[in-house]
Structure formats: C-alpha cells, structure tokens
Trainee: 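One structure coming up, written as structure tokens, with questions to follow.
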Amino acid sequence: MRIRLDRSTPFNLDVTLCCGQTFRWDKLAGWWYGVVGERVFKVRQTEGFVEFENAEAHLVRNYFGLNDNLNRILSEISKDGHIKNAVDMFSGLRILRQDPWECLISYICATYKNISAIKHMLSNLSRRFGEKVCLDGNTFYTFPKPERLAVASEAELVECGLGYRTKYVHETADMVNDGLYDFERLTRTGYADAKAQLLNAPGVGPKVADCILLFSLGKPEAFPVDVWMRRAILRHYNDHFTRKFIAKIREKEALNRSDYEKLGSFGRSYFGQFAGYAQEYLYHYERTIR
DNA sequence: CAAGTGCCTTTATC
DNA sequence: AGATAAAGGCACT
C-alpha cells in the first residue's frame, strides 16, 4: 500500500523519525519498523510515495501528520533568515501524532537524559512489560499498558534504568490507571487548560507537558524549551529579550518556571499558532549543525 | 583507558 | 519569588 506525495505534501520520513520526537522506531533493511498501538507499522519512503505494510492508510496519514498542511505551516513560521534556513534544510519534517500515554511516560523518562539513553530505557520498559509482536522475523514489543506499569514493582522499574524517574513513572501510571486522565478529551481541550492538567502528574513540569501537548495531543502552539532550544534562542533570538534576562538565562543551570514560560510565550507570539513546528526545526538544526 | 562532562528537567528546600 | 541542590546512569570525549 502506498500514499502519493505530490508537491503539496512535502514529507521526509527519515528526518521525521530521527529528529528526536519519538524513540521506538528502527530502520531494518531499508524499512522503518515502529509499534503504533498494538501493531508494528512498516514504512519506507520512495520517489513520490510513502509505502507501508501492516497498517491502514488513514492511520499512517494520522500518525505521520500527513493531514497537516505543511506548506502553509512552514510559510507561516518562516519569520526570519535563521528559521528559513532550518526549514529549507529539513523541509518535510513533520510533527507525529503519537499515543498520549506512551508520550507521557516517554517524556517523564526523557528528563536530563540524552536520546540514546532514552531509547534504551523505553526499550527496556517495553521488552519487560509490553506484549511481544513479530513482523518479518523481527521481534518488537508494544508499549506497556498503564495497568501493567501501575502494578510493576519499583525494583523492576529501576532495573529498566529509570533511576530517580521510577517513582514518577509509577505514580503517573497509577493516576492514568485510575482514570484521572482522559486523553481523548485533552485533545479537544485548549492548550493552557490541557497543560495545567498535565502538570498535576509527578515528573511532569512545563517542558515535559509541552512535549506531550505537541507530540501527542495536537497542540501545535506548544513550544518546548530544552537546553538545545535555550542555546538556539541565545544564539539567534536574543534581541527579543532584555540584556538582563539573556544574561540571567545564559548563566543559570536550569530555568525556573517563570523564565521557562517567558521563552515559551516568546515562541508562541513570534512564530504563531504553529510554534511547535518552528521549535522542532530549530531544535533539529541546533543538534545536527552544532 | 580513566575520568569528566552533559543530557529534550523536576522537585524539594531554603 | 527566586535561587540552589539533588537526583540514575549511560554515552561521548
């Protein structure tokens, strides 16, 4: 099965899966394999097409954000030379629509870790607590259900390499298992309200919440600011802030909540309703070019 | 090869 | 309010 990609639907599968928004895809013999829900999606990009197996076209379109009008989004965020450069370089990078539960746990785990370590942790969690699914002779695992992580012992979670994140994951799994989060409803809730609700979960601060909102809850205005984005802002957008503020965030190890929100609202007011796309292009640029 | 640094931060405490 | 320290452990240099 395949989806045609014409000039009005730019897409770059490799960049989309490698840019650090998702952690459980593998490229084997020219095909990307990733578990989406209960199923292993098998996907590759060829001239003019996205080809896929073991999935349905509407699910592929939804997961890879192919319903978003990327040309319109890119022209809307292209406010200056720097972002235009990043957009030209990685054009076709799309924001995925990931599973909110998996995204929530993934980004709780992601705090203060590098991407390879995050992949390692999530792979451990899935292998130990998920369901085995095979395709083309390769073994994959679904992401563990909330009820499974809720009954896991903390010792088991520590063995997956979660470290101090263990109790956050465990308690958040409890909350989700108890029905405290209706992700379906959160996708229909406004950005600020949905964010406030996510912040009630342990291990979820403003940055983690923004990642969940952007990558799984369909809030393209979310503008996560991690160390790379802070660098990008210091390097290319410091004239949008006072000298004093820039000096402060240059020196400090960690951003406090109000400084974080200042940077986030800059992103939203400067780049507009698709600030999250701008963030992902700038983030990827900063990580690959630097 | 050892040791140091950094990592898509949050929370507790003062 | 705002600053500071502590919290795994792995990958990279």
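The basis for the numbers below is simple: all heavy atoms, side chains too, and nothing from hydrogens, waters or symmetry mates. Numbered from 1 within each chain, the chains take letters A, B, ... in sequence-line order.
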Trainee: Does A/R2 make a cation-pi contact with A/F49, if we ask for NZ or CZ under 6.0 Å from the ring centre and within 45° of the axis?
Mentor: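 Yes - A/R2 lies over the ring of A/F49, closer than 6.0 Å to its centre and within 45° of its axis.
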Trainee: Using a 4.0 Å heavy-atom cut-off across all strands, classify A/V208 as base, sugar-phosphate, or nothing.
Mentor: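 The answer is sugar-phosphate, as A/V208 gets under 4.0 Å only of primed atoms, P, OP1 or OP2.
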Trainee: Can you pull every protein N or O that's under 3.5 Å from an N or O on nucleotides 11-14 of chain B?
Mentor:
{"unit_1": "B/dT11", "atom_1": "OP1", "unit_2": "A/G203", "atom_2": "N", "d": "2.7"}

Trainee: If the plane angle is over 60° it's perpendicular, under 30° parallel, otherwise tilted; pick one for A/F274 and A/Y277.
Mentor: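 Perpendicular, since the angle between the ring planes exceeds 60°.
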Trainee: Before you tell me yes or no, could you show the steps for A/E56 and A/R39 under salt bridge (Lys or Arg N to Asp or Glu O under 4.0 Å), namely the whole-Å CA-CA distance, both residues' side-chain angles and the distance that decides it to 0.1 Å?
Mentor: CA-CA 11 Å; A/E56 288 149 33; A/R39 230 184 310 174; 3.8 Å; yes
Trainee: What contact category does A/C160 fall into here, base, sugar-phosphate, or nothing, at under 4.0 angstrom with non-hydrogen atoms?
Mentor: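 Answer is nothing: A/C160 stays at 4.0 Å or more from every strand.
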Trainee: In whole Å, what is the span from the CD atom of A/Q98 to the P atom of B/dC8?
Mentor: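 Roughly 16 Å, once rounded to whole Å.
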Trainee: Please give, in whole Å, the distance from B/dT9 P to A/K207 NZ?
Mentor: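 These atoms are roughly 5 Å apart.
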Trainee: Looking for any heavy atom pair under 4.0 Å, which part of the strands does A/R287 touch: base, sugar-phosphate only, or nothing?
Mentor: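 Sugar-phosphate contact only.
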Trainee: Which one, C/dG8, C/dA11, B/dC8, comes nearest to the side chain of A/S116?
Mentor: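 For the A/S116 side chain, the nearest candidate turns out to be C/dA11.
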Trainee: Side-chain donor-acceptor pair under 3.5 Å between A/D226 and A/Y112, yes or no?
Mentor: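 Side chains of A/D226 and A/Y112: no pair found under 3.5 Å.
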Trainee: Could you label the plane-to-plane angle of the A/Y181 and A/F183 rings as parallel, tilted or perpendicular, counting under 30° as parallel and over 60° as perpendicular?
Mentor: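 Taking A/F183 first and then A/Y181, their aromatic rings lie parallel (interplane angle under 30°).
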Trainee: Should B/dG4 be called syn or anti, with syn set as within 90° of 0?
Mentor: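 Here B/dG4 takes the anti form, which means its glycosidic angle is more than 90° from 0.
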Trainee: Is the ring pair A/H82/A/H236 parallel, tilted or perpendicular, if the boundaries are 30 and 60 degrees?
Mentor: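 Aromatic pair A/H82/A/H236 classed parallel.
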Trainee: C/dA3, OP1 or OP2 - any side-chain N/O from A/K252 closer than 4.0 Å?
Mentor: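 It does, given that an N or O in the side chain of A/K252 lies less than 4.0 Å from OP1 or OP2 of C/dA3.
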Trainee: Rounded to the nearest Å, what distance is computed from the CE atom of residue A/M121 to the P atom of nucleotide B/dC7?
Mentor: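 Answer to the nearest Å: 15 Å.
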Trainee: Report yes or no: is there a donor-acceptor pair, N or O only, under 3.5 Å between the side chain of A/E280 and the base of B/dC8?
Mentor: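 Answer yes: a donor N or O sits under 3.5 Å from an acceptor.
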Trainee: Would you measure the distance from the P atom in B/dT10 across to the matching atom in C/dC10 and give it in whole Å?
Mentor: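 Between the two P atoms, the distance is 22 Å.
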Trainee: Find the distance A/I108:CD1 to B/dC8:P and express it as a whole number of Å.
Mentor: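 Atom CD1 in A/I108 sits about 17 Å away from atom P in B/dC8.
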Trainee: Could you tell me if A/W31 and A/D136 have a donor-acceptor pair between their side chains, going purely by distance under 3.5 Å?
Mentor: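 No, A/W31 and A/D136 have no side-chain donor paired with an acceptor closer than 3.5 Å.
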Trainee: How long is the line joining NZ of A/K248 and P of C/dT4, in whole Å?
Mentor: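 Taking NZ of A/K248 and P of C/dT4, I get 11 Å after rounding.
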Trainee: Quick one: do A/D259 and A/K252 make a salt bridge, cutoff under 4.0 Å?
Mentor: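 The answer is yes: the pair qualifies as a salt bridge.
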Trainee: Any ion pair linking A/E51 and A/R44 (charged N to carboxylate O, less than 4.0 Å)?
Mentor: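 Yes, this pair counts.
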Trainee: Checking A/R97 against A/N62: is there a side-chain donor and acceptor pair closer than 3.5 Å?
Mentor: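 Distance-only check fails for A/N62 and A/R97.
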Trainee: In whole angstroms, how far is the C1' atom of C/dC10 from the CD1 atom of A/I118?
Mentor: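 A/I118 atom CD1 is separated from C/dC10 atom C1' by 11 Å.
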Trainee: Run the salt-bridge test on A/E261 and A/K195 with the 4.0 Å N-O cut-off and return the result as yes or no.
Mentor: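 The answer is yes: the pair qualifies as a salt bridge.
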Trainee: For B/dC1 and C/dA11, measure between their C1' atoms and round to the nearest Å.
Mentor: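 Nearest-Å result for B/dC1 against C/dA11 at atom C1': 15 Å.
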Trainee: Just how far, in rounded Å, is P of B/dC7 from CD of A/E286?
Mentor: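 After rounding, the gap between these two atoms is 12 Å.
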Trainee: Salt bridge or not between A/E38 and A/K145? Use side-chain N to carboxylate O under 4.0 Å.
Mentor: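 Looking at A/K145 together with A/E38, the answer is yes, because their closest N to O distance falls below 4.0 Å.
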Trainee: Between P on B/dT9 and CG on A/D210, what's the gap in Å once rounded to a whole number?
Mentor: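 Answer to the nearest Å: 13 Å.
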Trainee: Starting from Watson-Crick (N1-N3 plus N6-O4 or O6-N4) and G-U wobble pairs under 3.5 Å, report the runs of at least three that DNA chain C belongs to.
Mentor: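 Ordered by first number, the stems with DNA chain C (at least 3 consecutive pairs each) read B:3-7 with C:9-13, B:9-14 with C:2-7.
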Trainee: Could you tell me whether the phosphate oxygens of C/dA1, OP1 or OP2, come under 4.0 Å of any side-chain nitrogen or oxygen in A/N256?
Mentor: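 False: A/N256 side-chain N/O out of range (4.0 Å or more) of C/dA1 OP1/OP2.
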Trainee: For B/dC8 and C/dT4, measure between their C1' atoms and round to the nearest Å.
Mentor: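 Between the two C1' atoms, the distance is 22 Å.
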Trainee: Hey, what are the protein-to-nucleotides 3-6 of chain B N/O distances that come in under 3.5 Å?
Mentor:
{"unit_1": "B/dG6", "atom_1": "N2", "unit_2": "A/N114", "atom_2": "ND2", "d": "3.1"}

Trainee: Using 30° and 60° as the class boundaries, would you call the ring planes of A/H240 and A/F266 parallel, tilted or perpendicular?
Mentor: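 Judged by the thresholds at 30° and 60°, the geometry between A/H240 and A/F266 is tilted.
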